[in-house]
Amino acid sequence: MMNFRQRMGWEEQVMCDEQTVSLVDVLEEDEELEEEASAVLAGSDSDHCSYPQGYVKRQALYACNTCTPKGGEAAGVCLACSYKCHEGHELYELYTKRNFRCDCGNRKFTELQCKLYPDKDDFNILNKYSHNFFGVYCTCSRPYPDPDDQVEDEMIQCVVCEDWLHGRHLGCVVPDCVELQEMICESCMNKTPFLWTYAAHLAVPGAAAQVKEETGGNSNTDIKKKDQVNDVLKPSSKRGHEEVEPSCKLKELQEIGQARIQSGAVFWPSAWRSKLCFCNTCQERLSEADLSFLLDESDTVLAYEKKGKNNEQNQQGHDPLMSALDNLNRVQQLEIIHEYNDMKTELKDFLQRFAAEGKVVTPNDIRQFFEQQQSRKRRRVDAGRFYST
């Protein structure tokens, strides 16, 4: 939602001597980026209200400022309802939220009835809401994009509270390959102090993640402690066998005596959840803190997006155009590239109007755009024929 990559200058790359890029390369790169962008939406149902599914494990959500403005009660609607029930409204894109049930048309909406599933309870008592539902994010409580903020800064979602925070407001250095990592903000870390113990051994090192020893020691002691940590963090073969209670990894890590400076957000590497303790005591501790989802590796946004990408690929199937384009000669490829970039620029301008007005782009809007493009193309062709000699 908050990270964008610009794609420019393909003509220059294609025309550059000894560094030729085919049109197939151009489209494959563009296709890959579009696939990533659509993964969030493809993981949710765009035709049916998600309410009958209950509190959905993870789904794309929106908040409607037209129906529930600031000062009223926060509410969230599913992807399908954003299309069918809130077309033309001012919507806030919330990316994804976990364990949420669609509110569209319930008692929070005084003048709107859900067109897809009107038979809803008055309230969804297990839903969790934040200032995101009123279009503001981060500890600075600013909108995104922020017209008054001239600093280019990516926003990163906390895996616990699911708020979006500016990189410069995290209190730590943002590591490389951040898209493959999960982040827990400082506020959420402090609410569950035992996470700091895990952070000392599992988290991605950073400027605010300097590790210190609670007790002094020589290099042999340091080596011994590293070996102890590795032994503790090995996946337990006993996991899943209820008759055998595994030892508490968290307790063992605490006894090793290694701590971390407890400030700033914490970044966690891929598969870090599998190294958490699964003993009964720790499961109860996580449940009391409402963090049981941390034991579920399929809860991650990456897992959700992977599912969305798979759905998108299954729906699209093989595109014969990709293989056919590689057989065109260089002049034909360049002509099509220019047409392609003209269309991309116009599409960008078209979509920016929706973003400025806070409107959701519907399939019908896209259809009308391409119909207009086709009409312009016919006029250009007809004009060419009329003046040709």
Side-chain angles (χ1 to χ4, degrees), residues 1-3 95 98 128 130-132 136-142 144 146 149 151-217 221-222 225-226 228-230 232-233 248-277 282 285-286 288-295 299-302:
M1 170 183 160
M2 303 297 182
N3 296 323
Y95 198 58
R98 71 167 62 85
K128 292 184 178 180
S130 68
H131 62 174
N132 293 174
V136 292
Y137 309 87
C138 190
T139 55
C140 60
S141 293
R142 296 294 301 168
Y144 186 89
D146 187 347
D149 187 1
V151 179
E152 290 188 10
D153 193 1
E154 63 183 340
M155 298 192 76
I156 303 170
Q157 189 178 36
C158 173
V159 68
V160 175
C161 67
E162 297 189 296
D163 192 7
W164 289 85
L165 294 92
H166 294 98
R168 65 186 186 275
H169 294 157
L170 292 176
C172 69
V173 175
V174 177
D176 296 331
C177 301
V178 67
E179 66 274 6
L180 301 178
Q181 302 168 10
E182 292 190 295
M183 182 272 288
I184 299 181
C185 69
E186 182 178 0
S187 176
C188 289
M189 290 292 297
N190 290 334
K191 290 176 183 177
T192 48
F194 63 86
L195 288 178
W196 288 112
T197 299
Y198 285 122
H201 303 281
L202 300 180
V204 176
Q210 303 167 12
V211 175
K212 61 180 180 179
E213 299 294 343
E214 292 183 346
T215 59
T221 302
D222 294 339
K225 286 186 176 182
K226 288 180 180 179
Q228 288 176 324
V229 171
N230 291 334
V232 170
L233 296 180
C248 180
K249 292 181 181 179
L250 179 61
K251 185 176 180 180
E252 293 175 5
L253 290 176
Q254 291 169 337
E255 291 175 350
I256 290 174
Q258 183 168 294
R260 174 190 171 109
I261 295 176
Q262 298 184 8
S263 66
V266 178
F267 286 85
W268 308 81
S270 175
W272 71 279
R273 298 187 185 208
S274 65
K275 298 177 182 179
L276 299 179
C277 183
C282 283
R285 181 183 287 113
L286 288 168
E288 290 172 358
D290 201 19
L291 295 177
S292 294
F293 59 85
L294 289 181
L295 299 179
D299 166 81
T300 67
V301 173
L302 281 177

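We count residues from 1, following the sequence as given.
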note = Rounding to 0.5 Å, atoms SG (C172) and CD1 (I261) come to a distance of 12.0 Å
message = D146 vs H166, test: side chain to side chain contact (heavy atoms under 4.5 Å, CB included). Steps then yes/no.
response = CA-CA 11 Å; D146 187 347; H166 294 98; 5.7 Å; no
query = What's the shortest heavy-atom distance between C277 and C248, and which atoms?
reply = SG-CA, 3.7 Å
task = Assess whether side chain to side chain contact (heavy atoms under 4.5 Å, CB included) is satisfied between L195 and L291, documenting all intermediate values.
result = CA-CA 11 Å; L195 288 178; L291 295 177; 4.3 Å; yes
query = Would a 4.5 Å heavy-atom cut-off, applied to side chains only, mark H201 and K275 as touching?
reply = no
inquiry  = Just verifying a value: how many Å separate F267 CZ and D176 CG, rounded to the nearest 0.5 Å?
reply    = 11.0 Å
Minimum-distance pair of heavy atoms, taken over all atoms of R273 and F293 = NH1-O, 2.8 Å
message = For a 4.5 angstrom cut-off between non-hydrogen side-chain atoms, does N190 reach W196?
response = yes
query = Does the pair L250 and R285 meet the rule for a side chain to side chain contact (heavy atoms under 4.5 Å, CB included), with working shown?
reply = CA-CA 11 Å; L250 179 61; R285 181 183 287 113; 3.3 Å; yes
Shortest non-hydrogen separation from Q181 to P175 and the atoms involved = OE1-CG, 3.1 Å
Side chain Q258, main chain A200, donor-acceptor under 3.5 Å = yes
ask   = Does a donor on one side chain and an acceptor on the other come within less than 3.5 Å for D163 and H131?
value = yes
ask   = Under 4.5 Å between any side-chain heavy atoms of Y198 and V266, yes or no?
value = no
key: CA sep, side-chain torsions, deciding dist, call: Y144, W164, ring pair (Phe, Tyr, Trp, His ring centres under 6.0 Å)   = CA-CA 10 Å; Y144 186 89; W164 289 85; 8.4 Å; no
request  = Kindly give the heavy-atom pair with the smallest separation between A199 and M189, and that separation in Å.
outcome  = CB-CE, 4.1 Å
remark   = Interatomic distance, CG@L294 vs CH2@W268, rounded to 0.5 Å, equals 8.5 Å
Spacing of R168 atom CZ and C140 atom SG [to the nearest 0.5 Å] = 7.0 Å
ask   = Hey, does M183 have a side-chain heavy atom less than 4.5 Å from the side chain of Q157?
value = no
request  = Please tell me if the side chains of I156 and L165 come closer than 4.5 Å, counting only heavy atoms from C-beta onward.
outcome  = no
query = Which heavy atom of V204 sits nearest a heavy atom of R260, and at what distance?
reply = O-NH1, 4.2 Å
task = Output the distance between atom OG1 (T192) and atom CG (L286), rounded to the nearest 0.5 Å.
result = 8.5 Å
request  = Indicate yes or no: at least one non-hydrogen side-chain atom of M155 is less than 4.5 angstrom from one of C138.
outcome  = yes
query = Stepwise, does the side chain to side chain contact (heavy atoms under 4.5 Å, CB included) test hold for Y95 with V301?
reply = CA-CA 10 Å; Y95 198 58; V301 173; 3.6 Å; yes
key: Check ion pair R142-D149 (N to O, under 4.0 angstrom)   = no
ask   = Given side chains that start at C-beta, do those of R98 and E162 come closer than 4.5 Å, heavy atoms only?
value = yes
ask   = Is there side-chain contact between C161 and C185, with heavy atoms separated by less than 4.5 Å?
value = yes
message = According to ring pair (Phe, Tyr, Trp, His ring centres under 6.0 Å), does anything in residues 174-195 pair up with another residue at least two apart or in another chain? List the pairs.
response = none
